[in-house]
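When a residue number appears, it is its place in the shown sequence, counting from 1. One-based numbering, in listed order, for ligands and for the atoms of each.
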Amino acid sequence: MKVLRSLSDYVCWKKTLSSSKSIGFVPTMGALHDGHLSLVEASTKNAEITVVSIFINPKQFSENEDFNTYPRDLENDLNKLKDYNVSAVFVPSINDIYETEEPAIIFDHPFAQTLEGASRPHFFPGVIDVVSRLFNIVQPNYAHFGRKDAQQLILIQKMVDAADYPITIIPGETVREPGGLAMSSRNEYLTSNQKRELGIIWESLGVAKKMLDNGDLCANRICRAIENTLKKISRLKIDYVSIVDIENLKEVSGDVRGDVLISLAVSVGGVRLIDNIFYAY
Ligand code: PAF
């Protein structure tokens, strides 16, 4: 496993590869957990070469978010990756990625304005910018993104289509803590007790699924049931609970029909957590 700590290291290494070999790419911001590792494993099974990037992208954090305190432990991350058949870990500097100020592509999509985009307007422009820059450098055939960040996954697929990148996006299932909390690097801010208690988030989505399974299709009633479940933890602040049509990301106003994304964002003691399920009715 090569550790490539600069853009020039990556470019030199890439030149040594046979162009016929397929490259799978797993972009990350480090603080690797089993969710990341499941994407890495999928890539090593799917492609001949797997590249993992570790880069905490300042552009996807706002001034009052946790860029400075975001968990960083490169040695630990590299140790975890050693157990997988990873060919290279790319650890660029901020200058390597943002050596040109101009974004790699201009991509502005209405899907970036709802849900996470409404709460964090800086987030998707920052993600799209860094992912397109990373794609241009890494030049993968496949790229892996988790379903926990469902809207990110959808927007990256849209960006790939719009820019005609020859890259297949491969989604990975959300991996959960034993109590159901979706794995996230930000879970490092939580104690084990908090993680267990926050299984309520997954439980609330289970309530929604059960209602739909039982034919209770009213989107408003389902959202209220999710909120009522979440409110069992009084310190938990709800940002949004939403059911959107997967085709247009528009809020379902009446009954749920077709494929929907049920998603929510909450915060506990300043730690922001998101989760979702897809449901096909
Ligand atoms: O999902 C993430 O970890 C980040 O948003 C990504 C895709 C690595 C871009 O910085």
Side-chain angles (χ1 to χ4, degrees), residues 4 7 10 23-40 42-43 50-62 65-74 76-77 80-81 86 88-98 103-105 107 109 111-112 115-117 119-140 142-160 163 165 167-175 182-189 263 265 271-276:
L4 306 164
L7 175 58
Y10 186 83
I23 301 182
F25 179 40
V26 184
T28 81
M29 299 208 298
L32 301 181
H33 51 68
D34 287 354
H36 295 116
L37 298 175
S38 71
L39 300 178
V40 171
S43 173
T50 288
V51 176
V52 177
S53 66
I54 298 182
F55 178 68
I56 306 180
N57 173 32
K59 285 209 180 175
Q60 65 189 78
F61 293 79
S62 73
E65 289 184 343
D66 56 345
F67 175 70
N68 289 325
T69 54
Y70 196 83
R72 290 165 168 82
D73 191 347
L74 183 59
N76 194 20
D77 288 343
K80 288 183 184 171
L81 290 172
V86 171
V89 186
F90 177 40
V91 194
S93 67
I94 293 185
N95 283 346
D96 284 331
I97 296 297
Y98 292 111
I105 65 161
F107 174 76
H109 196 281
F111 283 14
L115 304 171
E116 282 303 286
S119 297
R120 306 176 70 202
H122 55 283
F123 180 67
F124 289 121
V127 168
I128 293 296
D129 193 6
V130 77
V131 171
S132 56
R133 287 171 192 261
L134 287 166
F135 280 177
N136 291 348
I137 297 168
V138 175
Q139 298 179 0
Y142 305 95
H144 297 254
F145 294 87
R147 286 195 200 276
K148 198 211 54 156
D149 296 288
Q151 197 180 358
Q152 169 174 281
L153 172 63
I154 292 168
L155 273 162
I156 286 170
Q157 181 64 66
K158 296 269 177 220
M159 174 194 84
V160 163
Y165 275 113
I167 301 173
T168 303
I169 301 299
I170 304 185
E173 291 312 315
T174 302
V175 178
M183 287 206 179
S184 157
S185 301
R186 289 192 169 98
N187 292 0
E188 286 199 16
Y189 299 134
S263 66
V271 182
R272 193 163 196 283
L273 301 163
I274 59 172
D275 205 347
N276 67 75

Tyr189 versus Asp66, side-chain donor and acceptor atoms under 3.5 Å: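 Yes, side-chain donor-acceptor contact under 3.5 Å.
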task: Can you sort out the partners of His36 under ring-ring contact (aromatic ring centres under 6.0 Å, His included), two or more places apart, ordered by chain and number?
output: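 Result, ring-ring contact (aromatic ring centres under 6.0 Å, His included) vs His36: His33.
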Is there any protein N/O under 3.5 Å from an N/O of ligand 1, and what does the full list of such pairs look like?
residue, atom, partner, partner atom, Å
ligand 1, 1 (O), Gln152, NE2, 2.9
ligand 1, 5 (O), Gln60, NE2, 3.0
ligand 1, 5 (O), Gln152, OE1, 2.8
ligand 1, 10 (O), Gln60, OE1, 2.6

- request: Using side chain to side chain donor-acceptor pair (under 3.5 Å) as the criterion, list what pairs up with Lys59, not counting sequence neighbours.
  value: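 Expected list: Asp129.
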- request: List in chain and number order the residues that pass salt bridge (charged side-chain N to carboxylate O under 4.0 Å, His left out) with Asp73, two or more places apart in sequence or in another chain; answer none if no residue qualifies.
  value: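 Testing Asp73 for salt bridge (charged side-chain N to carboxylate O under 4.0 Å, His left out), a comparison that skips the adjacent residues, returns none.
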- request: Give the ring-plane orientation class for Phe61 versus Tyr70, where under 30° counts as parallel, over 60° as perpendicular and anything between as tilted.
  value: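 Answer is perpendicular, since the angle exceeds 60°.
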- request: Examine the side chains of Asn57 and Tyr98 and answer whether a donor and an acceptor come within less than 3.5 Å of each other.
  value: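 Looking only at side-chain atoms, Tyr98 and Asn57 do form a donor-acceptor pair, the distance falling under 3.5 Å.
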